Engineer: 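Have a look at this one.
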Amino acid sequence: MVEAEFTLVLEGRWDDLTPEMADRLYEAGCDDGGVLYRDGRISITFGRQAETVERAVRSAIADVRRAGYEVERIGESDAVGQAEMAERLGKSRQYVHQLVRGDRGPGGFPPPISLDGPSWSWREATAWLVAAGLADPIVAETARVLAAVDATLAYQAARRDSAALVDAIEATIR
């Protein structure tokens, strides 16, 4: 068993988080999640136990849907800067900076995915950290699953909003 920690952001803009909404989510199985209303968005942060991270995330999404709501995206972005990496790892910014520069660890840290910032893929960074013996494998597995789920949710939204464009892009990249 693993305990997967992640946040699901619900679709739509909400005026408020009502007690009835919270009750529906709780009764549908989201009793291991903390519901948060902020800036017109409702999210649920889970600490869910399951056989795998994938099962934990998939069961949480199913529970949200059973309550009558849809998941828009994962709350934890795959794109992270050095400060966010440090926070997620429970390490200092200096430690992460040294990993990125190659002054610490085996070297070869993954390149940034964006030079504006810059930012790195959390999924790639955690895979590197595990391979270097600097992080628990569950960290990389969680990052991998969350990135895949978030990409799938984004793909479904793009398909709903711009089906013809998605079809044209898929034909181009095949």
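Side chains included, hydrogens not; waters and symmetry mates left out as well; all remaining heavy atoms used. Not measured: the values here are computed from a predicted model.
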Engineer: How many angstroms lie between CZ in Arg55 and CD in Gln49, if you round to the nearest 0.5 Å?
Structural biologist: 14.5 Å
Engineer: Parallel, tilted or perpendicular, judged at 30° and 60°: which one describes the rings of Trp14 and Tyr69?
Structural biologist: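 Plane angle over 60°, so perpendicular.
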Engineer: Answer yes or no: does atom CG of Asp15 have more than 12 heavy-atom neighbours from other residues, nucleotides or ligands under 6.0 Å?
Structural biologist: no
Engineer: To check you understand the geometry: which heavy-atom pair defines the closest contact between Pro110 and Glu124, and what is its length?
Structural biologist: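 Closest pair (atom of Pro110, atom of Glu124, distance): CG-O, 3.6 Å.
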Engineer: Would the distance check show the side chain of Asp150 and the main-chain N or O of Ile74 forming a donor-acceptor pair, the cut-off being under 3.5 Å?
Structural biologist: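 Between the backbone of Ile74 and the side chain of Asp150 there is a qualifying donor-acceptor contact (under 3.5 Å).
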Engineer: Is it true that Glu141 and Arg144 have a side-chain N and a carboxylate O under 4.0 angstrom from each other?
Structural biologist: yes
Engineer: Quick check for you: to the nearest 0.5 Å, what is the distance between Leu134 atom CG and Lys91 atom NZ?
Structural biologist: 8.0 Å
Engineer: Compare every heavy atom of Leu17 with every heavy atom of Ala22, then report the nearest pair and how far apart it is.
Structural biologist: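 Closest heavy-atom pair between Ala22 and Leu17: N-CD1, 4.4 Å.
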Engineer: In terms of hydrophobic clustering (I, L, V, M, F, W, Y; side-chain heavy atoms under 4.5 Å; direct or indirect links), are Val57 and Ile138 co-clustered?
Structural biologist: yes
Engineer: Any chance you could lay out the side chain to side chain contact (heavy atoms under 4.5 Å, CB included) test for Glu5 and Thr45, step after step, and finish with the verdict?
Structural biologist: CA-CA 7 Å; Glu5 296 181 12; Thr45 299; over 6 Å; no
Engineer: Could you check Ile42 against Leu36 for side chain to side chain contact (heavy atoms under 4.5 Å, CB included), going step by step and ending with a plain yes or no?
Structural biologist: CA-CA 6 Å; Ile42 294 178; Leu36 176 68; over 6 Å; no
Engineer: Could you give the distance from CH2 (Trp128) to CZ (Arg123), rounded to the nearest 0.5 Å?
Structural biologist: 16.0 Å
Engineer: Flag the pair Arg159 and Glu170 as a salt bridge only when some basic side-chain nitrogen lies within less than 4.0 angstrom of an acidic carboxylate oxygen.
Structural biologist: yes
Engineer: Can you list the steps and then say if Arg24 with Glu20 is a salt bridge (Lys or Arg N to Asp or Glu O under 4.0 Å)?
Structural biologist: CA-CA 6 Å; Arg24 285 176 65 183; Glu20 295 79 23; over 6 Å; no
Engineer: Would you check if Val71 and Leu153 make a side-chain contact, meaning some heavy-atom pair closer than 4.5 Å?
Structural biologist: yes
Engineer: Below 4.5 Å, heavy atoms only, C-beta onward: do Val35 and Cys30 meet side chain to side chain?
Structural biologist: no
Engineer: Looking at Gly75 and Val9, what are the two nearest heavy atoms and their distance?
Structural biologist: CA-CG2, 3.9 Å
Engineer: Counting only heavy atoms from other residues, nucleotides and ligands, does the tally under 6.0 Å from OH of Tyr26 exceed 12?
Structural biologist: no
Engineer: Between Val130 and Ala135, what is the shortest heavy-atom contact and its length?
Structural biologist: CG2-O, 3.6 Å
Engineer: Would the distance check show the side chain of Trp120 and the main-chain N or O of Ala79 forming a donor-acceptor pair, the cut-off being under 3.5 Å?
Structural biologist: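 Answer holds: no.
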Engineer: When rounded to the nearest 0.5 angstrom, what is the spacing between OG in Ser119 and CD1 in Ile113?
Structural biologist: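 Result: 4.5 Å between the selected atoms.
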Engineer: Please report the C-alpha distance between Thr7 and Phe46 in whole Å, then the side-chain angles of each, then the deciding distance to 0.1 Å, and finally whether the side chain to side chain contact (heavy atoms under 4.5 Å, CB included) criterion is met.
Structural biologist: CA-CA 6 Å; Thr7 302; Phe46 287 91; over 6 Å; no
Engineer: Answer yes when Glu54 and Arg58 have at least one side-chain N-carboxylate O distance shorter than 4.0 Å, and no when they do not.
Structural biologist: yes
Engineer: Compare all side-chain heavy atoms of Leu129 with those of Leu99 and state whether any distance is below 4.5 angstrom.
Structural biologist: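 A side-chain contact exists here, since the closest heavy-atom pair is under 4.5 Å.
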Engineer: With sequence neighbours left out, what residues match Arg66 under salt bridge (charged side-chain N to carboxylate O under 4.0 Å, His left out)?
Structural biologist: Asp63
Engineer: Could you check if a side-chain atom of Phe6 sits within less than 4.5 angstrom of a side-chain atom of Val149, using non-hydrogen atoms only?
Structural biologist: no
Engineer: What's the verdict on side chain to side chain contact (heavy atoms under 4.5 Å, CB included) for Val2 and Glu51, showing C-alpha distance, side-chain angles and the deciding distance?
Structural biologist: CA-CA 6 Å; Val2 299; Glu51 292 176 13; over 6 Å; no
Engineer: Side chain of Tyr95, backbone of Leu89: donor and acceptor closer than 3.5 Å?
Structural biologist: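 Here the side-chain-to-backbone pair does not exist.
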Engineer: Ignoring hydrogens and angles, tell me if any N or O in the side chain of Trp122 forms a donor-acceptor pair with the backbone of Glu76 under 3.5 Å.
Structural biologist: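 Not confirmed, Trp122 side chain does not pair with Glu76 backbone.
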Engineer: If we ignore hydrogens and angles and just use 3.5 Å, is the side chain of Arg13 paired with the main-chain N or O of Asp39 as donor and acceptor?
Structural biologist: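 At least one qualifying donor-acceptor pair exists.
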Engineer: Looking at CD1 of Ile44 and CD1 of Ile61, how far apart are the two atoms once the value is rounded to the nearest 0.5 Å?
Structural biologist: 10.5 Å
Engineer: Salt-bridge test for Arg65 and Glu70: reply yes if a basic N is under 4.0 Å from a carboxylate O, no otherwise.
Structural biologist: yes
Engineer: Atom CZ of Arg48 and atom OG of Ser59: how far apart are they, to the nearest 0.5 Å?
Structural biologist: 4.0 Å
Engineer: Using a side-chain heavy atom cutoff under 4.5 Å and only I, L, V, M, F, W and Y, what cluster partners does Tyr155 have?
Structural biologist: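 Members alongside Tyr155: Val166.
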Engineer: Is it true that Arg41 and Glu72 have a side-chain N and a carboxylate O under 4.0 angstrom from each other?
Structural biologist: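 Salt bridge present between Arg41 and Glu72.
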